[in-house]
**Student:** 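Please find one structure pasted underneath; my questions will follow.
Along the sequence shown, residues carry numbers from 1.
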Amino acid sequence: MDTLASYDELPYDSLPLPETQPDFLAAVAKLHGFDSPDPRRARILELGCAQGGNLIPLAWRWPESDCVGVELSRVQAEAGAAFIQRLGLPNVRIVHGDLAALPDDLGAFDYIIAHGVFSWVPPAVQQALLDICRRHLSPQGVAYVSFNVAVGWAALLPLRAALLARTAGVTPAPQRYAAARAVLDQLSREWDDPVLLNEIAYLKTAAPSYLFHEYLADCNAPMPFGEFAAQLDAHGLRYIGEAGPRSAVVELEDAWGLIPESMAGRWLDAERALDDTFATRFRRALIARADAPCAQPPKADALDELAFYADLASDEQLDLEHDSAQDFVNPAGNKFLVENALAKAALIALSSAYPRALCYSDLIAALHAVRDGFGVAGEGDAARFRQAWFSLVLMHCVMPTLPAQAAPELADEPGSHPHAHALARLQAATPGWVVSGTRHVAIDLDAPARELLQRMDGSRDQAALVMEMGTYLTEAGITLPPEQRAQRVDFLLWQLVRQGVCMAG
């Protein structure tokens with residue numbers, strides 16, 4: 001089978017995508033009143049999986065799962081297959097193939113992931129993707145399909161048109177990307193539209209693959225949500241929720257007593273209205289078979305059935321007694337303004353427990369323990385906290401999961417002989433691979449940190465790691481006093497412990 005040359009010449013970055021984790025998708029579905037299969041023993045299919053940077057960590061995390069990836073780029077598919085062979089992971093495979101021509105004998109899947117595919121393929125392939133979801137989803141399976149939304153992209157289409165027109169004579173992907181960078185400089189001097197200038201500034205810092213495949217690829221067809229929902233209906237599928245972060249949520253008036261089937265049409269109309277109001281640019285839709293139970297807009301009552309985790313920090317002196325807006329920041333630099341005093345205490349508790357998760361009842365106990373520790377009296381308003389927490393979950397300030405997924409076997413400290421698991425060590429040793437944490441996030445590691453991680457096989461104590469890293473740094477032309485080397489190694493070890501790549505015991 002032929003592959004697209006541009007995807008071989010300038011492949012997409014292959015990264016762990018937290019919002020595609022099946023346990024997260026199951027938790028979001030539960031917020032919508034939809035029960036999906038147990039992620040620990042699920043069959044998972046990823047369409048357009050690149051070299052497996054998203055799929056392989058999922059297979060590693062759930063050894064009882066069965067994971068299949070399909071990738072059109074032969075270069076990426078072969079790189080992923082070679083990595084799996086080196087890792088010796090038996091429950092995942094990546095095949096080079098066209099999703100429009102998949103065999104019918106793949107069987108049923110509990111979770112189907114298609115991130116960055118739907119809007120970037122021709123209409124016939126879009127229809128094939130939805131056909132795959134209908135044919136291969138298990139009875140209560142969930143598919144994640146991301147797509148660009150027309151209303152949010154309307155203001156950006158002139159930029160795509162200009163880049164396509166001014167780089168049309170350059171064909172190989174690397175050269176066309178270089179030409180596009182020069183065009184961005186020209187446009188930043190020629191245009192005065194603040195929306196387009198902000199996007200140009202972002203593109204200058206974005207990954208080359210994003211600029212190329214979003215703005216220079218032959219296909220990028222943003223679609224109105226209503227049209228997407230209509231296509232789902234035509235393929236025997238239905239929308240069950242949104243996996244992306246949301247600053248607003250649908251609330252249906254006069255919906256008391258309505259069964260989900262009765263409110264479905266009104267819900268979809270409200271979703272369209274939200275896109276218009278907020279100029280939504282990108283959606284991460286969760287879909288199910290049309291014969292599966294009907295979902296509904298998310299409800300805060302479902303929080304009792306979930307667990308939560310968060311990796312946040314705040315530079316402010318937090319007020320845990322009064323409702324006052326204060327900033328929390330995650331490692332990606334995203335800021336979240338949190339007002340509710342109980343919610344701020346809960347975020348402290350979660351950040352202390354990370355990467356472990358706390359179920360809702362344990363979270364309540366933990367936030368009160370935090371308040372007690374700071375000498376704050378009173379129980380606070382539980383109903384207001386629930387609503388505030390619901391909003392933080394929808395914004396992805398806090399990530400939901402299932403209680404059964406809450407407590408992975410992780411090291412609490414580096415230990416005498418630090419031991420990182422085999423996946424993290426192989427990721428660190430393989431050029432072009434990102435190291436993923438236990439919560440499916442990309443860990444930002446420089447070359448010395450990746451070198452240290454490769455050596456953490458449990459055979460060396462911390463003193464030996466410091467000595468070997470001293471030799472490595474010296475050979476790299478980096479001179480540090482012994483005390484600073486030891487401090488640096490200790491800092492990195494604790495960072496890796498926090499991200500859950502170190503094995504307990």
**Student:** Between H96 (side chain) and A77 (backbone), is there a donor-acceptor pair under 3.5 Å?
**Tutor:** no

**Student:** Should we count CZ of F282 as having more than 12 external heavy atoms under 6.0 Å?
**Tutor:** yes

**Student:** Just so I know, are the side chains of P39 and Q21 near enough to count as touching, which here means a heavy-atom distance under 4.5 Å?
**Tutor:** no

**Student:** Mind listing the closest non-hydrogen atom pair of A343 and V338 along with its distance?
**Tutor:** CB-CG1, 4.0 Å

**Student:** Counting only heavy atoms not in N334, do more than 12 sit closer than 6.0 Å to its CG atom?
**Tutor:** yes

**Student:** What is the minimum heavy-atom distance between A349 and L367, and which atoms define it?
**Tutor:** CB-N, 4.4 Å

**Student:** Test your reading of the model: is there a side-chain donor-acceptor pair from R356 to the backbone of L410, 3.5 Å cut-off?
**Tutor:** yes

**Student:** Is any side-chain N of the basic residue among R281 and E199 closer than 4.0 Å to the acidic one's carboxylate O?
**Tutor:** yes

**Student:** Any donor-acceptor pair under 3.5 Å linking the side chain of R160 with the backbone of Y215?
**Tutor:** yes

**Student:** Does Q317 offer a backbone N or O that forms a donor-acceptor pair with the side chain of Q326 under 3.5 Å?
**Tutor:** yes

**Student:** Please tell me if the side chains of T479 and T474 come closer than 4.5 Å, counting only heavy atoms from C-beta onward.
**Tutor:** no

**Student:** May I ask you to check whether W120 and Y210 place their ring centres under 6.0 Å from each other?
**Tutor:** no

**Student:** Not counting sequence neighbours, which residues clear side-chain contact (heavy atoms from CB on, under 4.5 Å) with L25? List them please.
**Tutor:** Y111, Y144, A243, L286

**Student:** Could you give the side-chain donor-acceptor pairs of residues 420-437 under 3.5 Å, partners two or more places apart or in another chain?
**Tutor:**
residue: H421; atom: ND1; partner: L423; partner atom: N; Å: 3.4
residue: H421; atom: ND1; partner: A424; partner atom: N; Å: 3.1
residue: R425; atom: NE; partner: A420; partner atom: O; Å: 2.9
residue: Q427; atom: OE1; partner: S436; partner atom: N; Å: 3.1
residue: Q427; atom: NE2; partner: V434; partner atom: O; Å: 3.4
residue: Q427; atom: NE2; partner: S436; partner atom: OG; Å: 3.1
residue: T430; atom: OG1; partner: R86; partner atom: NH1; Å: 3.4
residue: T430; atom: OG1; partner: L426; partner atom: O; Å: 2.7

**Student:** Could you state the interatomic distance from CG (N54) to CD (E46), rounded to the nearest 0.5 Å?
**Tutor:** 4.5 Å

**Student:** State whether the number of non-hydrogen atoms from other residues, nucleotides or ligands found under 6.0 Å of D446 atom CG is greater than 12.
**Tutor:** yes

**Student:** Taking the six-membered ring of W62 (Phe, Tyr or Trp), confirm whether the NZ or CZ of R41 is under 6.0 Å from its centre and within 45° of its axis.
**Tutor:** no

**Student:** Got Q454 and E451 here, is their nearest side-chain heavy-atom distance under 4.5 Å?
**Tutor:** yes

**Student:** What residues, two or more places apart in sequence or in another chain, satisfy ring-ring contact (aromatic ring centres under 6.0 Å, His included) together with H136?
**Tutor:** none

**Student:** Would R439 count as a cation-pi partner of Y354, with NZ or CZ less than 6.0 Å from the six-membered ring centre and within 45° of the ring normal?
**Tutor:** no

**Student:** Quick one: does F147's side chain get under 4.5 Å of R284's, heavy atoms only?
**Tutor:** no

**Student:** Pair L130, F118 - check side-chain contact (heavy atoms from CB on, under 4.5 Å), show working.
**Tutor:** CA-CA 9 Å; L130 296 180; F118 190 82; 4.0 Å; yes

**Student:** Scan I44, V142, V68 and name whichever one has a side chain to side chain contact (heavy atoms under 4.5 Å, CB included) with F109.
**Tutor:** V68

**Student:** Quick check: does any side chain N or O of S314 sit under 3.5 Å from a backbone N or O of D327, one acting as donor and the other as acceptor?
**Tutor:** yes

**Student:** Under 3.5 Å, side chain of S14 to main-chain N/O of A50, donor-acceptor pair present?
**Tutor:** no

**Student:** Give the minimum heavy-atom separation between S146 and G116, together with the two atoms involved.
**Tutor:** OG-N, 2.8 Å

**Student:** How about L306 and V393: do any of their side-chain heavy atoms sit closer than 4.5 Å?
**Tutor:** no

**Student:** If you count the non-hydrogen atoms of other residues, nucleotides and ligands that lie under 6.0 Å from CZ in R93, is the total more than 12?
**Tutor:** no

**Student:** Shortest non-hydrogen contact from F308 to L350?
**Tutor:** O-CD2, 3.3 Å

**Student:** I'd like to know if K204 and D185 make a salt bridge, using a cut-off of under 4.0 Å between side-chain N and carboxylate O.
**Tutor:** yes

**Student:** Is it the case that the side chain of E468 and the backbone of L465 share a donor-acceptor pair, with hydrogens and angles ignored and the cut-off at 3.5 Å?
**Tutor:** no

**Student:** Between N340 and A388, what is the shortest heavy-atom contact and its length?
**Tutor:** CB-CB, 3.7 Å

**Student:** Any side-chain donor-acceptor pair under 3.5 Å between S138 and D110?
**Tutor:** yes

**Student:** Determine whether more than 12 heavy atoms belonging to other residues, nucleotides or ligands lie under 6.0 Å from atom CG of D304.
**Tutor:** yes

**Student:** Give a yes or no answer on whether the side chain of T280 reaches the backbone of G152 with a donor-acceptor pair at less than 3.5 Å.
**Tutor:** no

**Student:** Quick check, are the ring centers of H396 and F24 under 6.0 angstrom apart?
**Tutor:** yes

**Student:** Check whether Q51 reaches the backbone of G80 with its side chain - one donor and one acceptor, N or O, closer than 3.5 Å.
**Tutor:** no

**Student:** Indicate yes or no for a side-chain donor-acceptor contact from E316 to the backbone of L318 under 3.5 Å, with no hydrogens or angles considered.
**Tutor:** no

